[in-house]
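Reading through the structure tokens given below for one structure.
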Amino acid sequence: MKQVIREMIGAAVARAHQAGALSNDLTGDFVVEAPKLDNHGDFATNVALVSAKQHRMAPRRLAEILLTHLEDSAHRIERTEIAGPGFINFFLRPTAWHPLLADIHRAGGSYGASDAGAGRRVQVEFVSANPTGPLHVGHGRGAAVGDTTANILDAAGYRVQREYYINDSGRQIRTLGLSVYLRYAALCGRTIEFPEDCYQGDYIRDLAAQIRQEKGDALLEGDEAEAVDYCARHAAGSILEGIRKDLEDFGVQFDRWYSEQSLFDEGRVEAALDDLRRRGIVYEKDGAQWCRTTDYGDEKDRVVVRQNGLATYFASDIAYHREKYSRGFDRVIDVWGADHHGYIPRMTAAIEASGQRRDQFQVILVHLVNLLRGGQPVAMSTRAGEFVTLAEVVAEVGRDAARFIFLTRHHESALDFDLELAKQKTNDNPVYYVQYVHARIASILRKAAEEHGVGEVLFDPEAVASLTETEEIALIKAMAAFPETIATAAANLEPHRVTFFLMDLAAAFHAYYNRHRVLTEDPLLARGRLFLVAAVRQVIARGLGLLGVSAPERM
RNA sequence: GCGCCUGUAGCUCAGUCGGAUAGAGCAACGGCCUUCUAAGCCGUGGGUCGCAGGUUCGAAUCCUGCCAGGCGUACCA
């Protein structure tokens, strides 16, 4: 509809120019938007304000000329007005909104989708937690944001791949191995000292106990380095399985799990560094090897191979991202915890140095989750091994509530997650507020089928024409915003927009529901209203689907 | 010190490319169930958009400086 108005304005400018009322047919960069205030109409445009300069004319005068040349052949517009400094407000007839209902039904599950991405390939890498411990709530937020962003990009016409990068090489894994080995040794009766920088959690003891059950005391008899290595592999594999399961329970499926170690095994790290060395981007200084990231906007050069000959995490990350692009992705999106934000300039630099444009790489920074219970902070400390895991949260509040709440804030704001609130089945809890819409409509449709014999809700122009109540038009207008919500959410990588859209649409529905009966005495009106609420049900289901939240038939 | 993020109603937050009188929800107060699910709806009050300048027809939005909080600033990941 917005697009229709925009085209009408464009045509009016051209017509006014042809008629000699304007000296040219230029316009500034104007917008057509749904104004915040109802008495500013259904749509408003600032075209006269931003184009006043081109026409050397007062905005209000220009607005007048445009209005006299506005053609509304489809009779969508009830009236227009010039307001304030020169805004043009459009008031539409209710009938102007009716065709959208048919559009929604026709489009079905693809309503709101677009081809903005034009089939370009994009990869979203998210969670990628080290396999050194179970996922906690923070990872859950990253999972919800990443997965939903992927869904939204898919709806916006991209071909999306979801990937999890496994940091299964390097020091952390060795520390994990050592931690398990020491607990194991203790179980075998040895007196050990357990260093502070080892992993403290109880799950380490569990893993050690498993190994003891399988191997007895055998590991103590062989080479210690080998034993530690065995413990590391065993523990990482087992923890990763747990992570996989937790994510599956959270409704997240990855297309690919990518091993960091494989980058070394396949020689990709060396190959990447060789290439950069050849091109003078990697150089040697003070016995280490550095990447010239300052040439690409970073504030200092970064070490890729340490004095001790070991590659840094950054080195494997360079190789990894080069490998991503070599797989043919046009865009690569990484979801990181906000504490890694200092890493962005160097990663972007490395990607640019490797031959990509910097706009082909984007990072979604996900900020902190503060876990609360009844308003009181839940104490968490990864160091001491005390944390609430994602699995525990999902078990307590459910997948739907958890996913939805993770998406109720912009990802760059810290989020308070209150366990008690998440379980509450009241107005305070937006998940149920939205799902309730779906359940209520499902109930109406059931009743329509059972008591009125209405099996399938079909388009009936006459019935739809009877939808003239304010709340009915408000509902259609709310649904009309879905395509641009998805488009904006995709363009800005802001999944929370879909959440807010759903809460708005839900509010419009509940207001309607409380005021009007769908199954009225008047069969024509009832048919029109069924057509309306069936569209709402469909849009709610689709929106919840993007968030990975279920749309229940009953509550 | 430098860099990034955040600062909007008592609380939690939206606010797209600069638009009109800055919006929701919660909390407070007052109403609405004989009717398709009250996990719902309607109404009332509540604001120095952190502060100070600047840019312009117009600024929560852009620029500069300052204040407060968080994070980063490794040959850690």
Side-chain angles (χ1 to χ4, degrees), chain A residues 29-31 33 35-37 39-40 44-46 49-50 52-53 58-59 83-87 89 130 132 167 170-173 175 197 260 285-290 299-300 302-314 316-317 337-345 365 367-368 375 408-410 412-416 418 421 424-437 439-448 451-452 484-485 487-489 491-492 494 496-497 499-500 503-504 506-507 509-520 526 529-530 533 554-555:
Chain A
D29 196 10
F30 69 95
V31 296
E33 60 170 12
K36 279 172 276 197
L37 276 72
N39 59 14
H40 289 155
T45 179
N46 62 351
L49 292 168
V50 298
K53 269 196 189 107
F87 291 99
N89 296 336
N130 295 331
T132 54
N167 294 114
R171 212 188 66 184
Q172 288 188 101
I173 290 294
T175 304
D197 60 354
E260 179 186 13
K285 192 184 85 179
D286 306 332
Q289 294 183 34
W290 301 70
E299 55 187 27
K300 51 180 284 198
R302 308 291 174 175
V303 170
V304 283
V305 180
R306 287 173 260 179
Q307 269 180 348
N308 64 11
L310 292 176
T312 59
Y313 180 87
F314 183 44
S316 44
D317 242 350
D339 54 340
H340 288 71
H341 74 258
Y343 208 77
I344 295 174
L365 288 178
H367 279 232
L368 203 74
T408 52
R409 296 277 179 282
H410 190 281
E412 283 192 8
S413 305
L415 168 73
D416 289 338
D418 194 309
L421 195 76
Q424 238 169 46
K425 295 179 172 174
T426 67
N427 215 353
D428 301 7
N429 193 343
V431 198
Y432 299 114
Y433 186 76
V434 174
Q435 287 184 320
Y436 194 39
V437 172
R440 273 183 152 175
I441 296 174
S443 171
I444 294 172
L445 295 176
R446 272 197 304 275
K447 194 177 163 94
E451 296 175 21
H452 302 261
E484 60 178 293
T485 298
T488 311
N492 300 339
E494 292 177 334
H496 72 287
R497 288 175 183 281
T499 315
F500 281 89
M503 293 192 282
D504 278 351
F509 175 78
H510 288 310
Y512 175 59
Y513 182 92
N514 265 272
R515 206 167 182 121
H516 305 286
R517 257 187 96 76
V518 172
L519 301 173
T520 58
R529 289 182 171 176
L530 277 170
V533 299
R554 289 189 167 80
M555 284 173 75

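Letters A, B, ... are given to chains in the order of the sequence lines, protein chains preceding strands, and every chain is numbered from 1. Please read all numbers here as calculations on a predicted model, not as lab measurements.
Listed by chain and number, the residues in a side chain to side chain contact (heavy atoms under 4.5 Å, CB included) with A:Val305 are A:Leu273, A:Gln289 (sequence neighbours excluded). With sequence neighbours left out, A:Glu260 forms a salt bridge (Lys or Arg N to Asp or Glu O under 4.0 Å) with no residue at all. A:Arg440 pairs by the salt bridge (Lys or Arg N to Asp or Glu O under 4.0 Å) definition with nothing, not counting sequence neighbours. A:Asn46 is linked by a side chain to side chain donor-acceptor pair (under 3.5 Å) to nothing, counting only residues two or more places apart in sequence or in another chain. With sequence neighbours excluded, the residues satisfying salt bridge (Lys or Arg N to Asp or Glu O under 4.0 Å) with A:Arg497 are A:Glu494. With sequence neighbours excluded, the residues satisfying side chain to side chain contact (heavy atoms under 4.5 Å, CB included) with A:Thr520 are A:Arg517, A:Asp522, A:Leu525, A:Ala526, A:Arg529. By the salt bridge (Lys or Arg N to Asp or Glu O under 4.0 Å) test, A:Arg515 pairs with A:Glu471, sequence neighbours left out. Take A:Asp416 and apply the side chain to side chain donor-acceptor pair (under 3.5 Å) test, not counting sequence neighbours, and it matches A:Asn370. Residues meeting the side chain to side chain contact (heavy atoms under 4.5 Å, CB included) test with A:Glu299, sequence neighbours left out: A:Arg302.
Taking atom CE of residue A:Met555 and atom C1' of nucleotide B:rA39, one finds them 5 Å apart after rounding to whole Å. Rounded to whole angstrom, the span from the OH atom of A:Tyr433 across to the P atom of B:rC13 amounts to 20 Å. Taking atom OH of residue A:Tyr513 and atom P of nucleotide B:rU35, one finds them 11 Å apart after rounding to whole Å. Summarising the geometry, the separation between CG on A:Asn492 and P on B:rA14 is reported as 14 Å, rounded to the nearest angstrom. Remark: P of B:rG15 and CD of A:Glu484 are 14 Å apart, rounded to the nearest angstrom. With rounding to whole Å, A:Arg302 atom CZ is found 14 Å from B:rA77 atom C1'. A:Arg171 has its CZ atom 13 Å from the P atom of B:rC75, to the nearest Å. Going from atom NE2 of A:His496 over to atom C1' of B:rA14 covers 7 Å, rounded to whole Å.
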query = What string of B, S and - do you get for nucleotides 2-12 of chain B, 5' to 3', if B is base contact, S is sugar-phosphate-only contact and - is no contact with any protein heavy atom under 4.0 Å?
reply = -BBSS-----S

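Taking the nucleotide of RNA chain B with the nearest heavy atom to each of A:Arg497 and A:Lys300, the more 5' of the two is matched to A:Arg497. Each of A:Ala83 and A:Arg446 was assigned the nucleotide of RNA chain B with the nearest heavy atom; the assignment lying further toward the 5' end belongs to A:Ala83.
Neither OP1 nor OP2 of B:rA77 sits under 4.0 Å from any side-chain N or O of A:Tyr313. A:Arg515 has no side-chain polar atom (N or O) that falls below the 4.0 Å cut-off from OP1 or OP2 of B:rC32.
Taking the P atom of each, B:rC13 and B:rU6 are spaced 13 Å apart, rounded to whole Å. Remark: the separation of the P atoms in B:rG50 and B:rU16 is 14 Å, to the nearest Å. Nucleotides B:rG18 and B:rG58, compared at atom P, are 16 Å apart to the nearest Å.
The main-chain N or O of A:Asp286 is found under 3.5 Å from a side-chain atom of A:Gln307 such that the two form a donor-acceptor pair. In this structure, A:His510 contributes its side chain and A:Ala507 its backbone to no donor-acceptor pair below 3.5 Å.
At a cut-off of 3.5 angstrom, the base of B:rA20 holds at least one donor-acceptor pair with the side chain of A:Asn89. For B:rG40, its base sits under 3.5 Å from the side chain of A:Asn514 at one donor and acceptor pair at least.
Among the atoms of the strands shown, base atoms are found under 4.0 Å from some heavy atom of A:Asn46. A:Asn130 comes within 4.0 angstrom of the backbone, heavy atoms only, and of no base.
Between B:rC36, B:rC71, B:rC17, one nucleotide has an atom nearer to the side chain of A:Val31 than all others, and that is B:rC17. Residue A:Asp339 has its side chain nearest to B:rC71 when only B:rC71, B:rC36, B:rC13 are considered.
We find that the ring of A:Phe87 and the base of B:rA20 stack, their centres lying under 5.5 angstrom apart and their planes tilted less than 30°. Stacking between A:His510 and B:rA39 is absent: the aromatic ring centre is not both under 5.5 angstrom from the base six-membered ring centre and within 30 degrees in plane angle.
Looking at every heavy atom in both residues, A:Phe314 comes nearest to A:Val303 through CD2-O, 4.1 Å.
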With the criterion being N/O to N/O and under 3.5 Å, what pairs connect the protein with nucleotides 56-59 of chain B, and how long is each?
none

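Ring-plane geometry between A:Phe500 and A:His496 is classed as perpendicular, the angle between the planes exceeding 60 degrees on a 0 to 90 degree scale with a lower cut at 30.
Stretches of at least 3 consecutive Watson-Crick or G-U wobble pairs, with each checked distance under 3.5 Å, appear in RNA chain B as B:1-7 with B:67-73, B:10-13 with B:23-26, B:28-32 with B:40-44, B:50-54 with B:62-66.
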